[in-house]
Amino acid sequence: DTLKILSDFDGNVYALTKDGLYLLRENEVVSVVSTADTKPLLYDLASADFVSFAFSFEDNTISILSDGCIFTADLAEYAPKSLTALDSGNLYDALNGAVSEQAAQAPLVQIPDKAVLISLDAKKIEAQASLPYTSYSRAADTYAGVFICEIENVGSVVALLQYTLSGDPYDVEPQRTYTLCLVLENDLDPVDGCVLAAEFSVGYTSNKIPLYSFPTVQIGTAATPASQVLEKSAKVSVLYKISYPASSAESGYGLDSDYYFVKVGSGDTAAYGFIPAQYLNDFSTSETAATSQYTFRNVKKNKSITLANRDDPSQSITLSDRERVKVYGSADENNQVYVTYTDKNDGSIVWEGLVDADLLYEASPSILIVLAVVLVASAVVIINVCYLLLRRQPTLQ
């Protein structure tokens, strides 16, 4: 008769009879421990019959009770699936690999109520190693989290941000808790309505900012991986907006900010990633050009700026080393100015963009005066030379 049945979280079933412990796995029944294995360890008068058994999720040993004695057995290949020996699968590559163009199709997933969550130490994830398990719990409700990857036959890895309001009316700062966890389920449902059309197609960074691999600035205890760091005023193509903020009015799970999914560069060198919305600026060329006068400025020596084609923002041009551009208005709160540049080879092509004002300089009046004097002096010299040459020409009598 079967005395007890237990299952590990991977679905392997263990059954205990008075004579032995059996494993049912993949429609196969395997005897893993019998009373013949434990009887030599008992006193002569003790019964060898098994009474009960137990195992922990946190290690792969089994404890068997027999007439007041407890045996601890290491079952090797037949051991229960333990949280300290979970295969990391493709998690390292998912965190550190290049971001694909499809990364924004389903960036958030729903974690069902009562799902088992295995918390992971993000700083200890390595290739070809076990998952760095720290603790486990059950979801108390349906959560929304950033999808990282699926690990075959293990589950889905998700980054969570828990936004918790303080119960103290004098403490206005909410608590933000970032967790990287393994959900012991695959094929999690995507969160609907979080991928939106972007309000603009070309943006410029207001500060130096990483191009994040996921729509969160932190994954667990570690900073979110970045494919590269964008300098201030870097031009990007804006593809989507990701919005599912944790509510500012109540506790919950979501994103720590709105994000834009962007493309940097073009062709084989193009890179994709996420930028917090507050670090990306749009500009209105028609309003700026119509309401502002312009001045000429030059790109500083050993500096460069990137502008977009006004008619085709996917095209860009890089100007450097004292190229002259038109600057409209004054710098904004991020010290950026709107500039245009007319193509020298084709006057119908206009390049435009937001540029860090510190990358440009305006020729001083003294320099302009010197240049004017030089031009006038040169003109006088040329006129005199021509006059002398003409005087020397023979005349017809």
Side-chain angles (χ1 to χ4, degrees), residues 1-89 91 111-126 128-140 143 150-158 160 179-186 220-221:
D1 293 339
T2 301
L3 302 176
K4 189 174 184 179
I5 296 176
L6 289 178
S7 172
D8 67 12
F9 65 81
D10 198 35
N12 298 314
V13 177
Y14 294 82
L16 185 76
T17 70
K18 67 176 184 177
D19 300 316
L21 179 66
Y22 299 89
L23 166 63
L24 174 60
R25 182 172 63 182
E26 297 179 355
N27 298 321
E28 177 187 12
V29 178
V30 181
S31 174
V32 292
V33 180
S34 69
T35 53
D37 300 320
T38 59
K39 189 170 183 178
L41 304 176
L42 299 172
Y43 292 108
D44 290 340
L45 298 179
S47 170
D49 292 349
F50 291 159
V51 177
S52 187
F53 81 109
F55 57 78
S56 170
F57 279 172
E58 297 185 271
D59 58 46
N60 57 3
T61 58
I62 284 185
S63 298
I64 301 174
L65 175 63
S66 174
D67 193 27
C69 296
I70 297 178
F71 305 98
T72 300
D74 183 353
L75 302 184
E77 62 177 308
Y78 301 121
K81 203 69 170 287
S82 68
L83 301 181
T84 54
L86 290 174
D87 184 9
S88 63
L91 176 57
I111 299 173
D113 184 18
K114 295 184 173 54
V116 177
L117 308 179
I118 313 300
S119 297
L120 307 174
D121 187 343
K123 293 183 178 179
K124 296 182 179 179
I125 293 173
E126 300 176 358
Q128 306 301 322
S130 298
L131 289 174
Y133 153 81
T134 59
S135 63
Y136 68 91
S137 61
R138 282 192 181 274
Y143 301 152
E150 271 193 7
I151 301 177
E152 188 176 359
N153 300 323
V154 177
S156 302
V157 181
V158 179
L160 293 176
T179 308
L180 181 66
C181 66
L182 170 70
V183 184
L184 296 181
E185 296 186 27
N186 288 325
T221 56

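It should be emphasised that the depicted structure is a prediction, and the values quoted were computed from it without experimental measurement.
Between the side chain of Thr2 and the backbone N or O of Ala15 there is no donor-acceptor pair closer than 3.5 Å. Checked by atom type and distance alone, the side chain of Ser156 pairs as donor or acceptor with a backbone atom of Glu185 at under 3.5 Å. Without hydrogens or angle criteria, Tyr14 side chain to Ala79 main chain gives a donor-acceptor distance under 3.5 Å.
Atom OG of Ser119 sits about 8.5 Å away from atom CG of Leu180, to the nearest 0.5 Å. Atom-to-atom distance recorded for Leu131:CG and Lys124:NZ is 13.5 Å, nearest 0.5 angstrom. Between Ser52 atom OG and Leu3 atom CG the span is 8.0 Å, to the nearest 0.5 Å. The distance from the OG1 atom of Thr221 to the CG atom of Leu120 is 10.0 Å, given to the nearest 0.5 Å. Leu86 CG to Tyr133 OH: the interatomic distance, rounded to the nearest 0.5 Å, is 10.0 Å. Between the CD1 atom in Ile64 and the CG atom in Leu16 there is a gap of 6.5 Å [rounded to 0.5 Å].
Evaluation of the side-chain contact (heavy atoms from CB on, under 4.5 Å) rule for Val116 yields Ile118, Arg138, Leu184 as partners, not counting sequence neighbours.
Counting heavy atoms from C-beta on, the side chains of Ile62 and Val32 never come closer than 4.5 Å. Residues Ser34 and Asp19 fail the side-chain proximity criterion, which asks for heavy atoms closer than 4.5 Å. Under the 4.5 Å side-chain criterion, counting only non-hydrogen atoms from C-beta, Ile125 is not in contact with Ser88. Side-chain contact check for Leu117 versus Tyr143: some heavy-atom pair is nearer than 4.5 Å.
Surrounding NZ of Lys4 are more than 12 heavy atoms belonging to other residues, nucleotides or ligands, all under 6.0 Å away. No more than 12 heavy-atom neighbours from other residues, nucleotides or ligands sit within 6.0 angstrom of OH on Tyr78.
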Take Phe53 and Val33 through the test side chain to side chain contact (heavy atoms under 4.5 Å, CB included) and record every step on the way to the result. CA-CA 11 Å; Phe53 81 109; Val33 180; over 6 Å; no
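What you find for Ala139 and Pro112 is that their closest heavy atoms are CB-O, 3.7 Å. Taking every heavy atom of both residues into account, Asp8 and Phe55 meet most closely at N-CZ, 3.8 Å. Taking all atoms of both residues into account, the shortest heavy-atom contact from Cys181 to Leu160 is SG-CD1, 3.8 Å. Smallest separation of non-hydrogen atoms from Leu182 and Gly155: CD1-C, 3.7 Å. The two atoms that bring Ile111 and Ala115 nearest to each other are CG2-CB, 4.0 Å, heavy atoms only.
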